[in-house]
Asker: 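Let me give you the structure first, and then I'll get to my questions.
Both backbone and side-chain heavy atoms feed into the values below; hydrogens, waters and symmetry mates do not. Labels below follow one simple rule: chain letters A, B, ... track the order of the sequence lines, proteins then strands, and each chain is numbered from 1.
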There are 2 protein chains.
Amino acid sequence: MAKAEETGSYKGSGKLRPEEMIYQEMLDAILDRRLEPGMKLVEEDLAKTFGVSRARIRATFLQLAHDKLINLVPNRGAFVAEPTIDEAIEVFSARRMIEDGVARKVAVSMTDARAAQIKSHLDREHDAHHRGDHRAAIILSGEFHLLLARLTGNLVIEEFLERLILRTSLIIAMYESPQPVDCSHTEHDDLLKALTSGDPDIAAAEMSRHLDAIRDRLQLQRPKPGKTDFASIFGRTPKSAAS
Amino acid sequence: MAKAEETGSYKGSGKLRPEEMIYQEMLDAILDRRLEPGMKLVEEDLAKTFGVSRARIRATFLQLAHDKLINLVPNRGAFVAEPTIDEAIEVFSARRMIEDGVARKVAVSMTDARAAQIKSHLDREHDAHHRGDHRAAIILSGEFHLLLARLTGNLVIEEFLERLILRTSLIIAMYESPQPVDCSHTEHDDLLKALTSGDPDIAAAEMSRHLDAIRDRLQLQRPKPGKTDFASIFGRTPKSAAS
DNA sequence: GCATGCAAAATTGTTAACAATCCTGTTGTC
DNA sequence: GACAACAGGATTGTTAACAATTTTGCATGC
């Protein structure tokens with residue numbers, strides 16, 4: 001995931017490898033909803049935009065599709081993913097299964113140095129929040145979970161969770177309630193407290209509560225935004241075919 | 001993963017999509033060690049072998065690399081992955097974290113129908129074992145774990161575990177002890193028993209034990225095969241530079 | 001004899017053109 | 001007026017050629 005500091009200014013900074021830069025830019029655009037869910041991604045347009053060949057765009061598509069951030073339809077092209085409500089619920093369920101274990105592991109291997117490391121991250125989260133930098137806050141919030149995964153020392157889990165967090169970001173971007181009450185930074189405080197208790201059960205329980213809370217703040221019962229619901233827009237129920 | 005029935009005869013059967021067939025064939029070759037760890041995979045050779053263009057081989061490479069079954073080195077090419085001992089340990093650790101959760105979920109949602117479904121799979125495992133079909137036994141053994149994941153109803157977990165199982169297969173192919181004592185089919189019996197107990201803690205504990213047992217049957221302490229250890233081969237310790 | 005440098009071969013990375021497929025708007029028919 | 005067939009344009013899928021890079025073999029010099 002993008003570093004919070006680099007928010008919105010990749011192009012200017014030193015270009016790493018063009019391939020990774022393109023992936024990152026498209027990623028950011030999707031998570032920012034500059035590319036809306038369902039939007040068609042035309043290869044040649046993107047190729048011209050980034051000044052590369054279609055082949056590279058194609059390779060980037062494969063990566064994004066693997067992370068479930070776009071859908072690849074044979075002979076039709078690529079479309080920004082539109083996670084359904086069921087998918088969203090599954091992602092949170094999967095994260096709980098994994099991050100419960102993460103929390104357990106971190107809790108039993110907690111040290112002062114690690115607690116300080118987490119605390120330092122929390123400070124940055126609070127700072128972003130007080131600055132009112134909503135975007136940085138969201139990114140840092142994701143990185144908090146990634147930090148915990150990293151503390152388990154298991155790269156496999158870390159990489160998988162990274163993808164899951166990206167997917168979660170897209171889900172949040174799609175389903176977040178109109179007035180975004182982002183109170184997760186205080187929940188992270190609670191999580192740190194639970195982690196430093198040293199009790200794996202307490203830590204896992206707190207993690208489950210936190211992930212459920214994020215999920216429950218979303219509007220996962222409403223008809224999916226993006227697919228226009230004319231019936232509700234015009235305040236009438238769909239008729240069969242009569243004029 | 002390949003169905004056990006199709007063992008060794010993909011080419012003859014009805015061709016699905018060529019892209020998937022190529023992925024499957026390369027996958028099988030790697031897990032069979034017909035393609036040995038570390039082996040260079042030349043694009044044009046493979047393209048000619050499969051009668052497709054290099055572009056398709058390239059796309060297949062991206063898939064295999066994403067699953068950590070090959071390594072992609074810029075300007076150098078693709079190489080069959082050589083999981084290190086540390087990686088192997090990490091994969092088993094990751095599987096334990098995830099499959100503990102799987103076992104828990106399956107245990108609390110166990111029904112007679114599901115138990116019968118698992119039992120039916122176990123019968124096939126035993127059958128393959130008694131026939132002496134080692135390859136089918138290994139594949140079915142992996143599919144057992146996948147079946148449990150599927151029973152959680154969580155597609156995210158199922159897909160991730162599928163990849164981890166493939167990686168595990170490569171690890172086993174690389175590190176299995178010379179006299180393969182494949183006794184996992186009896187361990188699966190124990191697992192079913194634990195799962196039908198309805199107690200999530202018992203189920204998770206049995207799963208952990210099983211995964212640790214698989215890991216411990218491997219030769220993860222020896223110097224990695226494939227990288228020739230001249231010192232041990234010639235029975236002397238490496239000198240600095242003297243003649 | 002061994003290391004260094006160079007040149008040729010092999011291989012990957014990239015581009016552009018061509019073929020196949022799908023979407024869209026139009027026309028014709030009932 | 002609605003529906004089906006059709007043609008044109010747009011877009012994806014594929015192939016082949018070209019450029020850049022790495023590897024390999026050989027010759028040269030110490």
Side-chain angles (χ1 to χ4, degrees), chain A residues 15-26 29-30 35-66 68-82 226-228 238-243, chain B residues 15-26 29-30 35-66 69-82 226-228 230 238-243:
Chain A
K15 55 176 74 172
L16 260 303
R17 286 232 297 286
E19 33 187 354
E20 292 180 5
M21 200 197 66
I22 292 172
Y23 175 86
Q24 270 297 340
E25 291 228 26
M26 292 192 58
I30 290 172
L35 292 176
E36 286 182 26
M39 185 177 281
K40 174 80 185 290
L41 301 172
V42 178
E43 294 180 358
E44 194 161 346
D45 293 353
L46 287 166
K48 273 183 199 158
T49 302
F50 290 114
V52 297
S53 69
R54 272 178 56 212
R56 181 157 297 290
I57 298 295
R58 238 141 191 283
T60 306
F61 277 178
L62 281 179
Q63 255 189 293
L64 289 166
H66 214 263
K68 300 285 171 70
L69 296 173
I70 67 173
N71 292 328
L72 242 37
V73 186
N75 285 322
R76 295 273 319 281
F79 303 83
V80 178
E82 302 176 275
K227 250 190 184 171
T228 357
K239 304 269 175 26
S240 59
S243 66
Chain B
K15 54 176 76 171
L16 259 303
R17 286 232 296 284
E19 33 188 354
E20 292 180 6
M21 202 197 64
I22 292 172
Y23 175 86
Q24 269 297 339
E25 290 229 27
M26 293 194 56
I30 290 172
L35 292 177
E36 286 181 27
M39 184 177 281
K40 173 79 184 291
L41 301 172
V42 179
E43 294 180 357
E44 195 160 347
D45 293 353
L46 287 166
K48 274 183 199 160
T49 301
F50 290 114
V52 297
S53 69
R54 273 177 55 213
R56 180 158 298 291
I57 299 294
R58 237 141 192 283
T60 306
F61 278 178
L62 281 179
Q63 256 189 292
L64 288 166
H66 215 255
L69 296 172
I70 68 173
N71 292 326
L72 243 36
V73 186
N75 284 323
R76 296 273 319 282
F79 303 84
V80 178
E82 302 177 276
K227 249 189 184 171
T228 357
F230 291 120
K239 305 270 175 24
S240 59
S243 65

Asker: Given side chain to side chain contact (heavy atoms under 4.5 Å, CB included), test Leu62(A) with His66(B) step by step and report yes or no.
Answerer: CA-CA 10 Å; Leu62(A) 281 179; His66(B) 215 255; over 6 Å; no

Asker: Using whole Å, report how far CG of Leu72(A) lies from C1' of dC22(C).
Answerer: 16 Å

Asker: dG13(D), dT15(D), dT11(C): which one has an atom nearest the side-chain heavy atoms of Lys40(B)?
Answerer: dT11(C)

Asker: Roughly how many Å is it from CZ in Phe50(B) to P in dT15(D), rounded to a whole number?
Answerer: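 Distance, rounded to whole Å: 15 Å.
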
Asker: Take the protein atom CZ of Arg56(A) and the nucleotide atom P of dG13(C), then report the distance between them rounded to whole Å.
Answerer: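 The distance from CZ of Arg56(A) to P of dG13(C) comes to 9 Å, rounded to the nearest Å.
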
Asker: Ignoring hydrogens, what is the shortest heavy-atom contact between Ile70(A) and Phe61(A)? Give both atom names and the distance.
Answerer: CD1-O, 3.4 Å

Asker: Can you tell which of dT12(C), dT15(C), dT15(D) lies closest to the side chain of Ser53(A)?
Answerer: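 Among the listed nucleotides, the one closest to the side chain of Ser53(A) is dT15(C).
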
Asker: On DNA chain C, compare the nucleotides closest to Gly51(A) and Asn75(A); which residue's is nearer the 5' end?
Answerer: Gly51(A)

Asker: Of all heavy-atom pairs between Leu72(B) and Ala65(B), which one has the smallest distance, and what is that distance?
Answerer: CD2-CB, 3.8 Å

Asker: Tell me the interatomic distance from Glu44(A), atom CD, to dG13(D), atom P, rounded to whole angstroms.
Answerer: 14 Å

Asker: In this structure, which one of Arg56(A), Lys48(A), Arg58(A) forms a side-chain hydrogen bond (donor to acceptor under 3.5 Å, both in side chains) with Glu43(A)?
Answerer: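 That would be Arg58(A); it is the only one of Arg56(A), Lys48(A), Arg58(A) passing the side-chain hydrogen bond (donor to acceptor under 3.5 Å, both in side chains) with Glu43(A).
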
Asker: To the nearest Å, give me how far apart CD (Glu43(A)) and C1' (dT15(C)) are.
Answerer: 14 Å

Asker: Of the candidate nucleotides dT11(D), dT15(D), dT22(D), which contains the atom at the shortest distance from the side chain of Ala55(B)?
Answerer: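 Nearest to the side-chain atoms of Ala55(B), counting from C-beta on, is dT15(D).
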
Asker: Answer with base, sugar-phosphate or nothing: what part of the nucleic acid does Leu41(A) contact at a heavy-atom distance below 4.0 Å?
Answerer: sugar-phosphate

Asker: Strictly below 4.0 Å: does Arg76(B) bring a side-chain N or O up to OP1 or OP2 of dT11(C)?
Answerer: no

Asker: For Phe79(A) and dC22(C), give me the distance from atom CZ to atom C1', rounded to whole Å.
Answerer: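 Answer to the nearest Å: 10 Å.
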
Asker: Would you say Arg54(B) reaches dT12(C)'s phosphate, i.e. side-chain N/O to OP1/OP2 under 4.0 Å?
Answerer: no

Asker: Any salt bridge linking Arg54(B) with Glu44(B)? Criterion: basic side-chain nitrogen under 4.0 Å from a carboxylate oxygen.
Answerer: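 Judged by the 4.0 Å cut-off on N to carboxylate O distance, Arg54(B) and Glu44(B) do not form a salt bridge.
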
Asker: Expressed in angstrom and rounded to an integer, what is the separation of Leu46(B) atom CG from dA10(C) atom P?
Answerer: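 Spelled out: CG on Leu46(B) to P on dA10(C) is 18 Å.
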
Asker: State which of dT11(C), dT11(D), dG13(C) makes the closest approach to the side chain of Arg58(B).
Answerer: dG13(C)

